[in-house]
K.L.:
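This is the structure, below, for whatever I ask next.
Note that the coordinates shown come from a computational prediction; the quantities given were computed from them, not determined experimentally.
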Amino acid sequence: MIFQSGLKFKEVWRTSPVSVILVFANLIVFLLQYILPWFGFDILTWGAINRYYVEEQHEWYRVITAGFLHSGVFHILFNVGFGIYVLSSGLERLIGSVKFASIYFFSMILSGVLVVVMSDYITWTLGASGAIFGALGSLLYITIYRPEMIPPHEAKTIRSLIIFNMIITLILSDSISIPGHLGGLLAGFLLSYLFVPRNIEPYDIIQ
């Protein structure tokens, strides 16, 4: 099951170690966002996606570093608390840590590239949303091609979450990156063709 509300931390760590590491990594970086400016280093300016710095200065590392930066407490709590600890860890339990990590990070990179291509030179983009939407895209793929892996009520919840989040993305397009969210969703869905076999019974998870 995806939404395991009763799992103890030790069980989450045992079944979804990559997701737990991502949670701590994002929290540590968030703390650094407030600590490093005391020493004259602005981690947001250094790591967020900006088309000028990526294209003109060739700082392509930003498509990865931006995925660990967040604009505020609510932003990181939603992305880390729900997006990674609940959704992403659920996907990791379903398909294994290696496949999950591949989908998560490739979705992060591909969504970041799409943000660069479709943004202007004054917009700064940051957040783990592209990678998290990649996990959502993979879960959507599973509900379609491997429905036996997810209970029907959870499959409906996943599809409803995607619709709700895309509506919110469109409504709040001034502050939310449409290319980042949509690019992550499509990347996760398409990448799942490589990592999740279709119409094979039974499904054997290869760690």
K.L.:
Which residue pairs pass the side chain to side chain donor-acceptor pair (under 3.5 Å) test with at least one member in residues 160-173, sequence neighbours excluded?
P.N.:
Thr169-His181

K.L.:
With Tyr34, which residues qualify under ring-ring contact (aromatic ring centres under 6.0 Å, His included), at least two apart?
P.N.:
Phe30

K.L.:
Enumerate the residue pairs fulfilling salt bridge (charged side-chain N to carboxylate O under 4.0 Å, His left out) with a member in residues 14-25, sequence neighbours excluded, ordered by first and then second residue.
P.N.:
Glu11-Arg14

K.L.:
Can you list the other members of the hydrophobic cluster that holds Leu172, where links are side-chain heavy atoms under 4.5 angstrom apart?
P.N.:
Ile163, Phe164, Ile167, Ile168, Ile171, Ile176

K.L.:
Applying salt bridge (charged side-chain N to carboxylate O under 4.0 Å, His left out), which residue pairs with at least one partner in residues 159-179 are found, sequence neighbours left out?
P.N.:
none

K.L.:
Give the table of side-chain donor-acceptor pairs shorter than 3.5 Å for residues 101-117, with sequence neighbours excluded, one pair per line with atom names and distance.
P.N.:
unit_1	atom_1	unit_2	atom_2	d
Ser102	OG	Val98	O	2.9
Ser107	OG	Ile103	O	2.7
Ser107	OG	Gly188	N	3.4
Ser111	OG	Ser107	O	2.9
Ser111	OG	Met108	O	3.0

K.L.:
Only pairs at least two apart or in different chains count here, so list each salt bridge (charged side-chain N to carboxylate O under 4.0 Å, His left out) that has a residue in residues 42-54.
P.N.:
Arg51-Glu55

K.L.:
Going by the side chain to side chain donor-acceptor pair (under 3.5 Å) test, which pairs reach into residues 186-195, not counting sequence neighbours?
P.N.:
Ser138-Ser192, Tyr145-Tyr193

K.L.:
Is a donor on one side and an acceptor on the other found under 3.5 Å between the side chain of Glu92 and the backbone of Ser19?
P.N.:
yes

K.L.:
With sequence neighbours excluded, tell me which residues meet side chain to side chain contact (heavy atoms under 4.5 Å, CB included) with Ile122.
P.N.:
Asp120

K.L.:
Do Ile178 and Leu161 share a hydrophobic cluster (ILVMFWY, side-chain heavy atoms under 4.5 Å, transitive)?
P.N.:
no

K.L.:
Kindly give the cluster partners of Tyr121, where membership spreads through any ILVMFWY side chain lying under 4.5 Å from a current member.
P.N.:
Tyr52, Tyr53, Trp124

K.L.:
For Tyr85, which residues count as a ring-ring contact (aromatic ring centres under 6.0 Å, His included) partner, sequence neighbours excluded?
P.N.:
none

K.L.:
Quick check against the 3.5 Å criterion: does Asn50 have a side-chain atom that pairs as donor or acceptor with the backbone of Thr123?
P.N.:
yes

K.L.:
Tell me, please, which residues at least two apart from Tyr61 pass side chain to side chain contact (heavy atoms under 4.5 Å, CB included).
P.N.:
Trp46, Glu59, Thr65

